[in-house]
Structures are given as C-alpha cells and as structure tokens.
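Computed over heavy atoms, backbone and side chain alike; hydrogens, waters and symmetry mates excluded.
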Amino acid sequence: MEPIQTTPDLSAYLAADEAIDHDHPRVRETAGLLAQEAADSYDYARLAFDFVRDTIPHSQDSGDPRVTWRASDVLERRTGICYAKTHALAALLRAEDIPTALCYQRFDVVHGLVAVRLDGAWHRQDPRGNKPGVNARFSLGRERLAFTPDHAAGEADYPELYAAPHPKVLEVLKAATDRPHLWETLPTAL
C-alpha cells in the first residue's frame, strides 16, 4: 500500500491542534526528557514510540473507564485507546520536528496508527500497546504493527495520511462519557 498525504504541505504534519497539542507544557516536558536520551531523530522516534506503547496502558486492556483524546491528557492520565495513544505519539514526535501523520485500519471498528516521516519516506507505527498475541515494534523497514488486515474478510488499510485526527474519530472520543460508552460508538468505517 502506498501512503497518500491528504495535505501536500509537509509542514501540516508538524502543526499543533486541539488533539495534538505539542505546545502544551506536559508534552514539551516529556519530549525534552526523551530527547536527552536520544542520539538522533531515529533514536528519538523509537524512544517516543516505546514510551507511548509501554508506559501508557491501552484503556481497554487495563480496564480503565476514562476516555482521553488530547495528547497532553493522555500523557497526564496515562491512559487511552489506540486513537488517544496515536495523538500522544504524534505530539511527542512533532514536538521534536519529526513530521507525523495519523492513519487508520478497518477491522470490526477503525483502528488508529501513526506514520512517521524519516529517511524521506512515511513509515506506519502502532503504539496501541502489546499484550498476548500483539507484538508491535518500531520499524522503518518491514511494518511491525499490532494487527494485519484480512482483505478477503473486508478488513482494510486506509492509505490516507491525515495531518489532524479524522473528524469521525475525534467526534466519538469527545462525545464518550466513559470507555464502555465509547466502545459502543467507535466508527466502523471512515
């Protein structure tokens, strides 16, 4: 699958917005701490990915009923579903001037990913969090995502790379009263 930028201007994939609030002090502080450990942009991107994947539990896996959607809230509360975790990772990467897009897959519901632009190309990453049967890894080579769509069963990789969260995704996150409510309203397609 060839990724498709929905916005031709690469600077859009560095912008802060309501959900990817990389100008927030919590995001800046976290990015600064991670950057101290990084030798270069690749190393920083891998550290940020590992941080979001491993230190922010996926709220469905942990049973946390809270719904987060803004990157700074995800980092503060240490919880989120895939969409929220991608917002946090995008904010951390953009805070260090690494272009980052939001992208999606379709299974029973839409699943969120990020694509990071390094070495002149986009590379999809899945920070949802590992568990038995899920082993996502940061990679600029072969994708190491949490899930692989079964195209014969109607599952799909969406090729679009968005500079901001898809409106359907943001709408359900903001409207959810808790995670069980969110689970009932997750989008099934974009």
Side-chain angles (χ1 to χ4, degrees), residues 16-37 44-96 98 100-116 124-138 144-147 162-188 190:
D17 63 30
E18 182 181 27
I20 305 171
D21 58 342
H22 66 74
D23 50 357
H24 189 278
R26 170 69 67 190
V27 177
R28 301 307 277 176
E29 175 187 10
T30 305
L33 291 171
L34 292 168
Q36 290 176 5
E37 303 292 320
Y44 176 83
R46 184 189 51 77
L47 287 169
F49 171 86
D50 289 348
F51 176 82
V52 172
R53 183 196 62 196
D54 298 341
T55 70
I56 301 170
H58 189 287
S59 58
Q60 178 71 11
D61 295 348
S62 68
D64 193 323
R66 297 174 296 167
V67 175
T68 54
W69 57 271
R70 186 177 283 121
S72 56
D73 292 337
V74 174
L75 296 174
E76 176 77 28
R77 296 180 185 167
R78 297 276 194 218
T79 191
I81 68 164
C82 62
Y83 309 137
K85 292 182 69 161
T86 62
H87 300 170
L89 180 55
L92 289 172
L93 294 170
R94 289 179 183 188
E96 291 296 314
I98 298 172
T100 308
L102 298 163
C103 48
Y104 303 92
Q105 295 174 307
R106 186 184 72 239
F107 299 98
D108 291 338
V109 296
V110 174
H111 176 62
L113 309 169
V114 300
V116 59
R124 295 189 311 163
Q125 312 295 327
D126 190 344
R128 72 123 6 248
N130 289 338
K131 62 180 186 174
V134 175
N135 189 20
R137 297 279 183 246
F138 184 82
R144 310 249 341 243
L145 305 176
F147 310 110
Y162 297 94
H166 192 281
K168 284 185 179 181
V169 167
L170 204 50
E171 180 182 321
V172 298
L173 285 170
K174 290 167 95 174
T177 56
D178 59 20
R179 187 187 34 78
H181 175 249
L182 174 63
W183 232 242
E184 294 173 6
T185 60
L186 291 173
T188 57
L190 295 181

Residues Ala84 and Thr68: closest non-hydrogen pair is CB-O, 3.2 Å
Kindly indicate whether the side chain of Cys103, heavy atoms from C-beta on, has any atom under 4.5 Å from the side chain of Thr86. no
Between the main-chain N or O of Ser59 and the side-chain N or O of Arg179, is there a donor-acceptor pair closer than 3.5 Å? yes
Donor-acceptor under 3.5 Å (Arg106 side chain, Leu190 main chain): no
Whether Asp126 and Arg128 form a salt bridge (side-chain N of Lys/Arg under 4.0 Å from carboxylate O of Asp/Glu) is what I want to check. no
State whether the side chain of Thr185 and the backbone N or O of Leu182 hold a donor-acceptor pair below 3.5 Å, judged by distance alone. yes
Hey, is the main chain of Gln105 close enough, under 3.5 Å, to the side chain of His111 for a donor-acceptor pair? no
Tell me whether Asn135 at atom CG has more than 12 heavy atoms from other residues, nucleotides or ligands lying less than 6.0 Å away. yes
Whether the side chain of Asp21 engages the backbone of Ser72 through a donor-acceptor N/O pair (distance < 3.5 Å, no angle test) should be reported. yes
For a side chain to side chain donor-acceptor pair (under 3.5 Å) with Glu76, tell me which candidate from Arg70, His24, Arg26 qualifies. Arg26
Can you name the nearest heavy-atom pair linking Lys85 to Pro57, along with the distance? NZ-C, 4.3 Å
Tell me the closest heavy-atom pair linking Val67 and Ala176, and the distance in Å. CG2-CB, 4.0 Å
Just do the side-chain contact (heavy atoms from CB on, under 4.5 Å) check on Leu93 and Tyr44 with the steps written out, would you? CA-CA 8 Å; Leu93 294 170; Tyr44 176 83; 4.1 Å; yes
Checking Arg66 side chain against Arg77 main chain: does a donor-acceptor pair fall under 3.5 Å? yes
Taking all atoms of both residues into account, what is the closest heavy-atom pair of Ala146 and Ala136, and its distance? N-CB, 3.8 Å
Could you check whether the rings of Phe147 and Phe107 sit parallel, tilted or perpendicular, using 30° and 60° as the cut-offs? perpendicular
Do any N or O atoms from the side chain of Tyr83 and from the backbone of Val172 form a donor-acceptor pair under 3.5 angstrom? no
